[in-house]
Structure formats: C-alpha cells, structure tokens
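Working notes for the structure below.
This is a predicted model, so every value here is computed, not measured.
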Amino acid sequence: MAKPRRVPGILALVALGTVVCIVIKTFTWYPNLVSLSPSKRPTKEKTNVLILAQGRSGSSFLGQIFNSHQEVFYIYEPLITFQLTTVRDSKLYEQSTMRLLRDIFSCRFNQQREFLSFMSNMPLNRFSSRALTSPYCKNLTSARENRTYMHCQDLDPLITSLSCAVHKHIVVKVLLHRLLPLLDVDKLAPLFNSSSKLKIIHLMRDPRAVIASMDRVGWTLNNNVVNTATKDFSLFKTFARKFCYDMVRSLSFALSAEAKFPHNYKLIRYEDLVRSPYKLATELFDFAGFPISDHVYEFLANSKNSHDRRSVHEYATFRSNASLLVDSWRRHLGLDAVRAIENYCWPVLEILRYTPMSGQS
C-alpha cells in the first residue's frame, strides 16, 4: 500500500516557519517589549488618533507626519474597503465602520481578515503605512530581468495584531465622505468609550484650494469645468453649491464636536500646517499626548526642501515644498469660479478666517 502524501504537512511547516520568522523580526525592533511582563506591556497605555478631512485637503500629508514617528502604527484610509463592498447609507455600513475602527484601535485584526486581504492588494493604502510594509516587504533582485522590485507578503491577522501591539500609538486617517453616516456628534461617543485616550484631529482647507485641487485630478464634473468660458459653467455652479453645503456641514460638525470634547477634538487649518509645520506639528503631538520625534523633524525638513519627483504626483502622500502650493488656486481658478465658491462657501471663509477676493484691495 502506498504511503500517504505528506506535502500538506511540509507546506504547513514552511508557513509556520515564515510566521515565526516574522514574529521574531517584529519583536527585534522592540526588544524592551520582550523583557516586560504581560501586565507591564504598554498595550493599555496607547494613544489613539483619528484624522478626519475632506478629500484634497492635505490629510495625506498630515497622516505622513504621524507615520514618520517610529512609535506610531498608522493606517491610511481603511474605510475604502467598505466603499467597495457595502452600501454606504445602510445600517450594516455604520456597524461595520465602527467595528473596524474599534478593532484597529484595539489591535484586534483576527476578525478583520477580509479587510487585511483588501489592504494587501491596495498599493497606495499599504505603502502609505510604514507598519504595513515592515516586516512584510523586502526588495528582491531579479537576475533574469536585471532589476530590483519590492515583494510583499499578504497581511496576516496575527502578525498585524502583534505589530500594532508593539507600537505605542495608533493613528488612522479617514476621509469624511466615507464617514457620513456617522457624522453626528452623539455617534462619536462609542469611539471615545472604547478608547479613553482617543484624540480626533479635523483638518480643513480653503474651499477654493480644495476645488482647484479636485479639478486638477478630475473630481469635478469634467476637465476644465472651472473655466468660465465653457458652456458647462452652470454645471460647475451646481457642483460648487453641493460641495459648499457638505463643507459647511463638516465645519458645523467639527465646531460642535470640539465644543463637546474640548480635550479630545481639535480643528486645524491646512494652511497653518504647511506655513508653520514645525510649530503646528509640535502642537499636534502635544494634543495627541506623546512627544514629537527626530524622525518627524526629519520628515518635515525633507518635505520642505525636497525636489523628489514622487511628490509631484497628484495622489502622492508626500509633498515637497507644500507651502508654495497654498495659494496656487489663484492661478487655476477663473474669477467667476472664485466668486461662485465664495458665494456658496461664505460661512467657511468667515469662520475659518479666509479672506474673500472681493474683500481684497
């Protein structure tokens, strides 16, 4: 009688060996954790930070400031997975969103296998997070093709949970339109209850700059829709009206949340961040409850002085000399487009102290 095949057992051992190697490498980064008893490990002392912003408001840059901190476990746009699989206005979407955020802030990924599977195959989301590329990814050299490329293993629930646990702080960046069902101050309470150290940073930007940026990447109705010479300018006004309605709603939510949670909710302007990055970054880390690091200062220095071609891409999470882009909307928008935005977005301009062009000499 033929002996039973043992290949599956061998494959299982190989897989187990891979996991063990990753675990060892993970704990090698944080040797102090291994020497601590379970009761003294800093898992319950974590600071959780949630970054909220509208699209094209500079939230990716803000997220990378925190991602550059070696003690931060950073997740970029986790809710995009539900956008692809769940109806956004459904109760299921709201429940799934809250559960995912709670699981991330608690370092529990065992019940988030589908989420990790999505993230494993989303390069922008994955490579925006240092914690999701190491120790999973490494450079491999192909002698046949004479090139070096990055190979990444799929995100594993156990290893991701361990990697999260050995980081002292967790930061998540979410665009507001993916959180619309929860855009209610009272619905924030469960997140604060599940994490007493949760801090929320709400980033807003000049609406004229946001719309100009959206138009550059094709998020408006059609290319060059802001050009007043086109027959579609009436469509742009419709777009601007809806956009400003959403932005006023976002600002109203932020002001209400900041009033109700003054020690846990902070509203900031993108323009202040890029004009005084060291000052505001220090304030944000103080607000978050942990000190800024040399790695953050290095990132800010590079972002101010670098001419890396990667930062030119419209969807890049790294911006070189961002302060020069603050007023670029003036060169991109026509006068009628600016007036339309100012007409619909005037509460945002007034409350956040943006000067309308009509008020300038």
| query | Can you tell me if Asn125 uses its side chain to pair, donor with acceptor, with the backbone of Glu77 under 3.5 Å? | reply | yes
| query | Does Asp272 pair with Lys279 as a salt bridge, N-O distance under 4.0 Å? | reply | no
| Cys164 versus Ile104, closest heavy-atom pair with distance | SG-O, 3.9 Å
| task | For Asp206 and Tyr354, work out which heavy atoms get closest and say how close. | result | N-OH, 3.2 Å
| task | For the pair Leu100 and Leu79, evaluate side chain to side chain contact (heavy atoms under 4.5 Å, CB included) and give the outcome as yes or no after the intermediate values. | result | CA-CA 8 Å; Leu100 176 59; Leu79 300 188; 4.1 Å; yes
| query | Quick one: do Phe109 and Val174 end up in the same hydrophobic cluster if we chain Ile, Leu, Val, Met, Phe, Trp and Tyr together by side-chain heavy atoms under 4.5 Å apart? | reply | yes
| Which atom of Met247 lies closest to which atom of Pro207, heavy atoms considered | SD-CB, 3.4 Å
| remark: Rounding to 0.5 Å, atoms NZ (Lys173) and OG (Ser59) come to a distance of 3.0 Å
| remark: For Leu273 and Phe61, the nearest pair of non-hydrogen atoms, with its separation, is CD2-CD2, 3.8 Å
| field | Under 3.5 Å donor-acceptor, Ser256 side chain and Ser252 backbone | value | yes
| Applying the 4.5 Å side-chain criterion to the ILVMFWY set and letting contacts propagate, would Phe127 and Tyr149 be lumped into a single cluster? | no
| Min side-chain heavy-atom separation Tyr76-Leu132 under 4.5 Å | no
| said: A quick test of your reading: do over 12 heavy atoms of other residues, nucleotides or ligands sit less than 6.0 Å from CG of Asn139? | reply: yes
| task | Identify whether Leu267 and Leu349 are in the same connected component of the hydrophobic contact network (ILVMFWY, side-chain heavy atoms under 4.5 Å). | result | yes
| Are Ile351 and Trp346 close enough that some pair of their side-chain heavy atoms sits under 4.5 Å apart? | no
| Does the Ser303 side chain pair with the main chain of Leu300, one donor and one acceptor, at a distance under 3.5 Å? | yes
| Ring-face cation of Lys168 near Phe290 (centre distance under 6.0 Å, axis angle within 45°) | no
| request: Check the pair Glu258, Lys266 against salt bridge (Lys or Arg N to Asp or Glu O under 4.0 Å), reporting the backbone distance first and the verdict last. | output: CA-CA 6 Å; Glu258 195 172 40; Lys266 188 175 183 64; 6.0 Å; no
| Verdict with reasoning, Asp215 to His332, per side-chain hydrogen bond (donor to acceptor under 3.5 Å, both in side chains) | CA-CA 9 Å; Asp215 190 65; His332 185 81; 3.0 Å; yes
| field | NZ/NE/NH1/NH2 to OD/OE distance under 4.0 Å, Arg205 and Asp327 | value | no
| said: In this structure, is the centre-to-centre distance between the rings of Phe243 and Tyr344 below 6.0 Å? | reply: no
| task | Ignoring hydrogens and angles, tell me if any N or O in the side chain of Ser117 forms a donor-acceptor pair with the backbone of Arg113 under 3.5 Å. | result | no
| message | Before you tell me yes or no, could you show the steps for Asn343 and Arg241 under side chain to side chain contact (heavy atoms under 4.5 Å, CB included), namely the whole-Å CA-CA distance, both residues' side-chain angles and the distance that decides it to 0.1 Å? | response | CA-CA 9 Å; Asn343 180 53; Arg241 184 187 301 113; over 6 Å; no
| remark: One should read off an interatomic distance between Arg102 CZ and Arg108 CZ, to the nearest 0.5 angstrom, of 8.5 Å
| From Tyr245 atom OH to Cys345 atom SG, the distance as rounded to the nearest 0.5 Å | 13.5 Å
| query | Do Ile268 and Leu284 touch side chain to side chain, with heavy atoms closer than 4.5 Å? | reply | yes
| request: Kindly say whether Tyr93 contributes a backbone atom to a donor-acceptor pair with the side chain of Thr97 at under 3.5 angstrom? | output: yes
| message | For the backbone of Val210 and the side chain of Ser213, can you confirm whether one donor and one acceptor N or O come within less than 3.5 Å of each other? | response | no
| message | Do Met357 and Glu342 make a side-chain contact, defined as non-hydrogen atoms from C-beta onward lying under 4.5 Å apart? | response | yes
| query | Is Phe73 close to Val171 at the side-chain level, that is, under 4.5 Å between some pair of heavy atoms? | reply | no
| field | Spacing of Cys107 atom SG and His167 atom NE2 [to the nearest 0.5 Å] | value | 9.5 Å
| request: Determine whether more than 12 heavy atoms belonging to other residues, nucleotides or ligands lie under 6.0 Å from atom NZ of Lys187. | output: yes
| query | Shortest non-hydrogen contact from Gln112 to Asp103? | reply | NE2-OD2, 2.9 Å
| field | Close side-chain approach of Asp246 to Gln54, heavy-atom, < 4.5 Å | value | yes
| field | Pairwise distance CD1(Ile170) to CG(Leu101) - rounded to 0.5 angstrom | value | 11.0 Å
| Can you check whether Ser328 reaches Arg216 side chain to side chain, under 4.5 Å on heavy atoms? | yes
| query | Should Ile51 and Phe66 count as side-chain neighbours, where that means a heavy-atom distance under 4.5 Å? | reply | yes
| For the residue pair Phe285 and His69, is the inter-centroid distance of their aromatic rings smaller than 6.0 Å? | yes
| Reported CD1-to-CZ distance for the pair Ile75 and Arg126, which is rounded to 0.5 angstrom | 10.5 Å
| request: Begin from the C-alpha positions of Phe105 and Val172 and carry the test side chain to side chain contact (heavy atoms under 4.5 Å, CB included) through to its verdict. | output: CA-CA 9 Å; Phe105 287 135; Val172 177; 3.8 Å; yes
| message | Under 4.5 Å between side-chain heavy atoms, counting indirect links through other Ile/Leu/Val/Met/Phe/Trp/Tyr residues: same cluster for Leu280 and Tyr270 or not? | response | yes
| said: In this structure, would Met98 and Phe115 fall into the same cluster of hydrophobic residues linked by side-chain contacts under 4.5 Å? | reply: yes
| request: Verify, without hydrogens or angle tests, whether Tyr136 (side chain) and Thr160 (backbone) share a donor-acceptor contact under 3.5 angstrom. | output: yes
| query | What about the rings of Phe233 and Phe236, do their centers lie closer together than 6.0 Å? | reply | yes
| task | Could you tell me which non-hydrogen atom of Gln64 sits nearest to which non-hydrogen atom of Asn67, and how far apart they are? | result | OE1-ND2, 3.0 Å
| request: Look only at the side chain of Thr133 and the backbone of Arg130, and say whether a donor-acceptor pair between them is shorter than 3.5 Å. | output: yes
| Verdict with reasoning, Val217 to Arg56, per side chain to side chain contact (heavy atoms under 4.5 Å, CB included) | CA-CA 9 Å; Val217 298; Arg56 312 308 299 173; 3.7 Å; yes
| Got a donor-acceptor contact below 3.5 angstrom from the Ser161 side chain to the Pro157 backbone? | yes
| query | In terms of ring plane angle, is the pair Phe253 and His202 parallel, tilted or perpendicular, where the classes change at 30° and 60°? | reply | tilted
| Polar side-chain atom of Thr47 near backbone of Lys197 as donor-acceptor pair, under 3.5 Å | no
